Amino acid sequence: MALHDHQLHEGDSLRVAAREQLVARGEQWTGMREAVFDALAGFTQPASAYDIAEAVSKAQGRRVAANSVYRILDLFVGSNLARRVESANAYVANAHPDCLHDCIFLICDNCGQTVHLDDDKLSGGVREAAASAGFTAPRPVIEVRGTCGDCDGE
Ligand SMILES: [Zn+2]
Ligand SMILES: [Zn+2]
Ligand SMILES: [Zn+2]
């Protein structure tokens with residue numbers, strides 16, 4: 001792991017870290033953005049923009065369009081507040097909005113449970129291999145599908 005105090009946040013601490021990160025990037029932490037972040041962080045599995053729009057609509061008692069949620073998710077991904085799980089076509093809140101890593105995801109084929117790992121040595125190797133093959137700005141997407149420990153025992 002890189003030489004820093006790698007901290008995984010949850011609950012209120014995660015919301016505070018996310019807000020600080022967004023504000024540090026010159027963006028506003030609006031009520032709508034907070035609602036989307038809270039909804040995203042409330043999911044235990046990767047959530048689509050539609051899932052999140054539904055959760056926010058319920059929480060706010062008014063219809064929120066998936067399109068506006070999608071734009072906010074885009075901003076969150078660009079600001080390190082959320083990550084896209086490509087193979088699930090969905091989003092997760094990033095537990096470390098304050099530091100940047102090539103996050104690795106393990107996704108259970110049975111229940112959808114997703115585990116977030118950070119191993120800069122592993123992703124760095126992929127990054128280096130891509131760079132030496134002439135790829136510029138390589139962005140490793142490392143996702144592992146399998147059966148989680150909970151499902152394996154059933
Ligand atoms: Zn870190
Ligand atoms: Zn990560
Ligand atoms: Zn499972």
Side-chain angles (χ1 to χ4, degrees), residues 1-30 32-56 69-133 135-154:
M1 195 66 66
L3 297 168
H4 66 278
D5 180 19
H6 186 70
Q7 206 190 339
L8 295 181
H9 301 274
E10 56 183 339
D12 286 343
S13 151
L14 176 59
R15 189 192 297 111
V16 169
R19 185 178 58 214
E20 280 173 1
Q21 180 61 25
L22 196 67
V23 170
R25 287 176 180 247
E27 291 285 348
Q28 280 186 309
W29 183 259
T30 63
M32 181 63 183
R33 288 173 180 176
E34 178 169 273
V36 169
F37 189 81
D38 282 349
L40 175 65
F43 280 94
T44 52
Q45 296 178 5
S48 71
Y50 289 94
D51 296 334
I52 296 160
E54 206 150 285
V56 173
V69 168
Y70 184 79
R71 275 195 301 274
I72 294 173
L73 289 171
D74 226 30
L75 171 75
F76 284 176
V77 170
S79 314
N80 199 38
L81 269 59
R83 304 291 307 217
R84 223 179 109 76
V85 180
E86 305 285 350
S87 68
N89 200 12
Y91 300 83
V92 291
N94 185 1
H96 53 78
D98 33 20
C99 59
L100 203 57
H101 296 280
D102 300 308
C103 303
I104 297 164
F105 294 106
L106 316 179
I107 304 127
C108 177
D109 279 329
N110 186 47
C111 70
Q113 182 180 171
T114 299
V115 177
H116 171 177
L117 298 177
D118 294 296
D119 185 338
D120 289 347
K121 238 174 98 188
L122 188 61
S123 60
V126 174
R127 202 176 264 279
E128 271 166 36
S132 59
F135 267 58
T136 46
R139 185 179 60 90
V141 174
I142 305 176
E143 298 181 359
V144 178
R145 312 288 311 210
T147 306
C148 77
D150 294 341
C151 292
D152 199 34
E154 277 165 18

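None of the values given here were measured: they were computed from a predicted structure. Counting starts at 1 for both ligands and their atoms, following the listed order.
- Enclosure of atom CG in Asp109 by more than 12 non-hydrogen atoms of other residues, nucleotides or ligands within 6.0 angstrom is indicated.
- Look at His101 and the Zn ion (ligand 2): no N/O/S atom of the residue is under 2.8 Å from the metal.
- Put simply, the angle at the Zn ion (ligand 2) from OD1 in Asp118 to SG in Cys103 is close to 110°, to the nearest 10°.
- Protein N/O/S atoms found under 2.8 Å from the Zn ion (ligand 3): Cys108 SG, Cys111 SG, Cys148 SG, Cys151 SG.
- Within the structure, the salt bridge (charged side-chain N to carboxylate O under 4.0 Å, His left out) test picks out the following pairs touching residues 123-133 (sequence neighbours left out): Asp102-Arg127.
- Angle SG(Cys99) to the Zn ion (ligand 1) to NE2(His4): 110° [nearest 10 degrees].
- The Zn ion (ligand 2) forms the vertex of an angle spanning NE2 of His116 and NE2 of His96; to the nearest 10 degrees it equals 110°.
- For the Zn ion (ligand 2), the set of nearby N, O or S atoms under 2.8 Å includes none belonging to Asp102.
- A salt bridge links Glu86 with Arg84: the distance from a Lys NZ or Arg NE/NH1/NH2 to an Asp or Glu carboxylate oxygen falls below 4.0 Å.
- Under 3.5 Å, the side chains of Asn94 and His96 contain a donor-acceptor pair of N or O atoms.
- Applying the side chain to side chain donor-acceptor pair (under 3.5 Å) test to Gln113 and every residue at least two apart in sequence or in another chain returns Asp150.
- Atom OH of Tyr70 is surrounded by 12 or fewer heavy atoms from other residues, nucleotides or ligands within 6.0 Å.
- With respect to the Zn ion (ligand 1), His6 has ND1 as its nearest N, O or S atom.
- Rounded to the nearest 0.5 angstrom, Arg83 CZ and His116 NE2 are separated by 7.0 Å.
- With hydrogens and angles left out, the side-chain atoms of Gln45 and Thr114 include no donor and acceptor closer than 3.5 Å.
- Taking the side chain to side chain donor-acceptor pair (under 3.5 Å) definition, one finds that Glu34 meets it with Trp29, sequence neighbours left out.
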